[in-house]
Each structure stands twice: as structure tokens, then as C-alpha cells.
Amino acid sequence: MTFLKNRYILSLQDLDSNEIHMLLDTAEKFKQEVDSGKYRQLLKGKILGMIFQKPSTRTRVSFEAGMLQLGGHALFLGPNDMQLSKGETIEDTGRTLSLYLDCIMARVYDHTDLEKLSTSSTIPVINGLSDRFHPCQILADLLTIREHKGKLEGLSLAWVGDGFNVCNDLLIGCAKTGINMTAACPKGYEPLEWIVKLAQKEGKQNNCNINVINDPIKAVKDADIVITDTFVSLGKDNEKIQREKIFLPKYQVNSDLLRHAQNDVIFMHCLPAKRGQEVTAEIIDGKSSVVWDEAENRLHIQKALLCSLLEIS
Ligand code: CP
Ligand code: NVA
């Protein structure tokens, strides 16, 4: 295993393509050995602090279960659990937590909080979702794609919907692993322009095209993978009505849209999903859906990431 010494994983930008592949290989090994108990002592004595400013099912439980599966321990630090909620700075929090813990995972509203946490912490920091990126999700997605398609390079992926945090990081992840990605988003809901430019540049080096358009049918045409996310991300509840008007019906993944893709297309979604909104029940619960593998793979890829950051093999 290649170690990620003194590293902060705030987005897929923080990993090169070899490191991504190394993490996928390690995750595959962990997944195969989960029942054998072979790695049950690997993180013995290690403690992960999990800061959550927003709710979570998969991120919280998969990180905690992952630490336990490898013999370590995880501390849940909710929105009201620390002096952070009473005005202590994020920098002082990072410095303090570094004295007790081996690694920090944080889910925050504002991505700059993660940057501040990284600057002040002397231990690894992992982004568990911010308003800009979701690297653990994208690593799990790449693992899921590789499992189902046997490769990454040369595949065609269509993103349909909101070009927010998951989409931003997916653009980078696809560019680094040679997946052609077209994101179809409504006007005004496209991914961040500087990220698109960066991904396009990186994609060129890896022989893949990265595009952002507004037409979902064009994006989905002949795609091997179709992926979407909620229309109303955490923290955007006040935009719910306006977003539904803009996104529906054009940006819903349903059988009419999916028939433009390859016959063996896989459907992906980071979850939580709203059936009848960004995706129909027929699709998410249908034969092309791999969303449960995607959710499971969060566990294995995060174990790989933790071991690599903590320099344990
Ligand atoms: N996909 C994901 O991050 O899910 P949670 O919000 O439940 O953690
Ligand atoms: N875009 C979603 C992802 C949830 C995992 C959000 O930010 O709420």
C-alpha cells in the first residue's frame, strides 16, 4: 500500500491517479476479507474524530463501522457537542483535537471550515461532505463502477441534475481516471467553472472529455453510467419549491431518459434519494441500479483511506 503521509483529503484534487487506483485496490482487498476477520486489529488503538455540522446516515455509520471493523474507535462529535457551537474557532478546535486523536473526518456547510481545520490540525483531515466536494463518495463510486464495468478508462458517464458538491468532485475523479463525463444541469445549477476547467485540463492528459451542457438527453446518449443527486441538498431547504420547478420534469432520471443510454447502463445515486423527484422508483429500484453497492463501498474505500493516511498496512 502507498501511504498518504501528512495529507489532507478535502477533494479528489488531493489524490493523483496512481493513489486513487491504489485505494481502489486496497478497498477491494478489504471487501473480500470482511468476513475472514483478517484485518480486525489493523487500526487497534487508533481514534477517529467525526465532526458533523449536518445530518448523515452513510458517512457517519460507514466511518464508525469501518473503524470498528479494523479494531479502532470512532467518536461522534455532533453540532452541539463541542465548544465550536459556542464560538470557539475551528482552528483552535483542530489544534486541540490533534492532541487526542489520530485522524479527523468532518462534514461541514462551508468548505473553508475544512481548509481552516486542515491548516490547524497536525493529524490527517478527511472531508465527509462540504458545500464544494464529497471525495469519499466519489472514491466509492469509482470502486462501484470498476466492479460493474471491469474498468474505468474509456467509459462514458452522464450526470443529470444539480451540479453541486458531488458533481464537482466527480468531474475531477472522472478526469483523473480517464472516464468521459458529461454533466447536464439546468442553467444556473452547473458545477463551479474553475473546477470544470481544471477537470477538462486533467482529462486531456488522460484521454477523456469533460463537458457541461444543459440537455439531459444529449448527456445520457450511449452512456455506460447515469448518475444523479438530490435536487435539494442539505442546507438548501428554503430553495425547495423553486428547485422543483426548475428541475422537473426535464432533469428526472426515468425510463424515458434512460433508454437513450447503453443497454447495460448502470444507474448510480449517492443517496439519500427522493423517489419521484430526481429519479423514479422504477429506475432506482430496478435492474440497472447499483446504489446499494455504492453505499456499501463507502465502508471499504474509507477503510483503505484511513489505513493509508495512518500509514498502516
Ligand atoms: N451519500 C452520503 O454521504 O450519505 P449521508 O448523507 O447519509 O452520509
Ligand atoms: N448533494 C447532497 C449530497 C448528500 C450526500 C447534499 O449536499 O446534501
Side-chain angles (χ1 to χ4, degrees), residues 9 11-12 15 17 19-35 56-63 65-66 69 126-129 133-161 165-183 199 206 208 219-220 223-230 253 258 261-273 278-279 283-306 308:
I9 308 300
S11 85
L12 263 276
L15 293 165
S17 135
E19 289 166 342
I20 293 173
H21 283 285
M22 177 277 296
L23 288 170
L24 300 183
D25 292 343
T26 308
E28 211 172 81
K29 189 178 76 178
F30 281 141
K31 190 170 180 175
Q32 280 158 8
E33 295 289 346
V34 79
D35 292 326
S56 163
T57 299
R58 280 143 289 269
T59 305
R60 181 197 168 165
V61 180
S62 58
F63 264 105
Q69 283 183 5
I126 303 171
N127 179 359
L129 180 81
F133 297 114
H134 199 2
C136 299
Q137 184 64 52
I138 305 313
L139 288 170
D141 289 359
L142 294 173
L143 180 61
T144 310
I145 294 170
R146 205 174 74 165
E147 279 176 357
H148 282 272
K149 297 289 177 190
K151 61 172 186 177
L152 296 176
E153 244 176 59
L155 292 172
S156 289
L157 181 149
W159 173 275
V160 180
N165 42 17
V166 178
C167 182
N168 283 334
D169 237 355
L170 189 60
L171 287 165
I172 303 169
C174 285
K176 283 185 190 260
T177 56
I179 300 177
N180 298 292
M181 174 167 170
T182 303
N206 294 315
C208 64
V220 166
D224 301 295
I225 305 133
V226 172
I227 178 159
T228 188
D229 187 9
T230 178
V253 179
L258 219 59
Q262 297 281 359
N263 287 335
D264 61 350
V265 65
I266 54 172
F267 169 75
M268 300 177 68
H269 190 312
C270 63
L271 305 176
E278 73 272 12
V279 61
I283 297 302
I284 196 169
D285 301 319
K287 65 174 176 33
S288 57
S289 174
V290 298
V291 298
W292 305 112
D293 293 335
E294 220 182 325
E296 181 187 343
N297 284 336
R298 291 290 303 274
L299 177 66
H300 307 298
I301 199 73
Q302 288 159 193
K303 287 190 289 187
L305 187 59
L306 287 163
S308 191

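Counting heavy atoms from C-beta on, the side chains of Ile179 and Asp224 never come closer than 4.5 Å. No side-chain heavy atom of Ile284 sits less than 4.5 Å from a side-chain heavy atom of Thr228. Residues Leu23 and Ile301 meet the side-chain proximity criterion, which asks for heavy atoms closer than 4.5 Å. Here the side chains of Gln69 and Leu299 are in contact, with some heavy-atom distance below 4.5 Å.
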Exercise. Passes side-chain contact (heavy atoms from CB on, under 4.5 Å), Trp159 versus Leu171? Steps please.
Worked result: CA-CA 9 Å; Trp159 173 275; Leu171 287 165; over 6 Å; no

For this session: Evaluate side-chain contact (heavy atoms from CB on, under 4.5 Å) for Asp229 paired with Cys270, printing each intermediate quantity in order.
Result: CA-CA 7 Å; Asp229 187 9; Cys270 63; 3.4 Å; yes

For this session: Take Ser288 and Leu258 through the test side-chain contact (heavy atoms from CB on, under 4.5 Å) and record every step on the way to the result.
Result: CA-CA 10 Å; Ser288 57; Leu258 219 59; 3.8 Å; yes

For this session: For the pair His21 and Leu152, evaluate side-chain contact (heavy atoms from CB on, under 4.5 Å) and give the outcome as yes or no after the intermediate values.
Result: CA-CA 10 Å; His21 283 285; Leu152 296 176; 3.9 Å; yes

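To the nearest 0.5 Å, atoms CD (Glu153) and CG (Asn180) are separated by 10.0 Å. Atom CZ of residue Arg58 and atom CZ of residue Phe63 lie 14.0 Å apart, to the nearest 0.5 angstrom. Rounding to the nearest 0.5 Å gives a distance of 12.5 Å between CZ of Phe30 and CD of Gln302. For the atom pair OG1 (Thr26) and NE2 (His300), the distance works out to 13.0 Å, reported to the nearest 0.5 Å.
For Cys174 against Cys208, the heavy-atom pair with the smallest separation is O-SG, 3.9 Å. Considering every non-hydrogen atom in both Lys303 and Val34, the closest pair reads NZ-CG2, 3.9 Å. Taking all atoms of both residues into account, the shortest heavy-atom contact from Val226 to Ala261 is CG2-CB, 4.4 Å.
Between the side chain of Thr182 and the main chain of Ala219, no donor-acceptor pair closer than 3.5 Å is present. Ser289 places no side-chain N or O within donor-acceptor distance of the main-chain N or O of Asp285, the cut-off being under 3.5 Å. Judged by distance alone, with hydrogens and angles left aside, the side-chain atoms of Ser11 form no donor-acceptor pair with the main-chain N or O of Asp169 at under 3.5 Å. Listed for the Asn127 side chain is no donor-acceptor partner under 3.5 Å among the backbone atoms of Ile9. When atom types are taken as modelled, the side chain of Lys31 and the backbone of Glu296 share no donor-acceptor pair closer than 3.5 angstrom. Looking at Glu278, its side chain never comes within 3.5 Å of a backbone N or O of Ala273 through a donor-acceptor pair.
Listed by chain and number, the residues in a side-chain hydrogen bond (donor to acceptor under 3.5 Å, both in side chains) with Arg146 are Asp25, Glu28 (sequence neighbours excluded).
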N/O donor-acceptor pairs under 3.5 Å from side chains in residues 133-145, not counting sequence neighbours:
residue	atom	partner	partner atom	Å
Gln137	OE1	Arg298	NH1	2.9
Gln137	NE2	Asp141	OD1	2.9
Thr144	OG1	Ala140	O	2.6
Thr144	OG1	Asn297	ND2	3.0

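Results of the side chain to side chain contact (heavy atoms under 4.5 Å, CB included) test with Met268 over Asp293, Ile227, Leu170 single out Ile227 as the only residue that passes.
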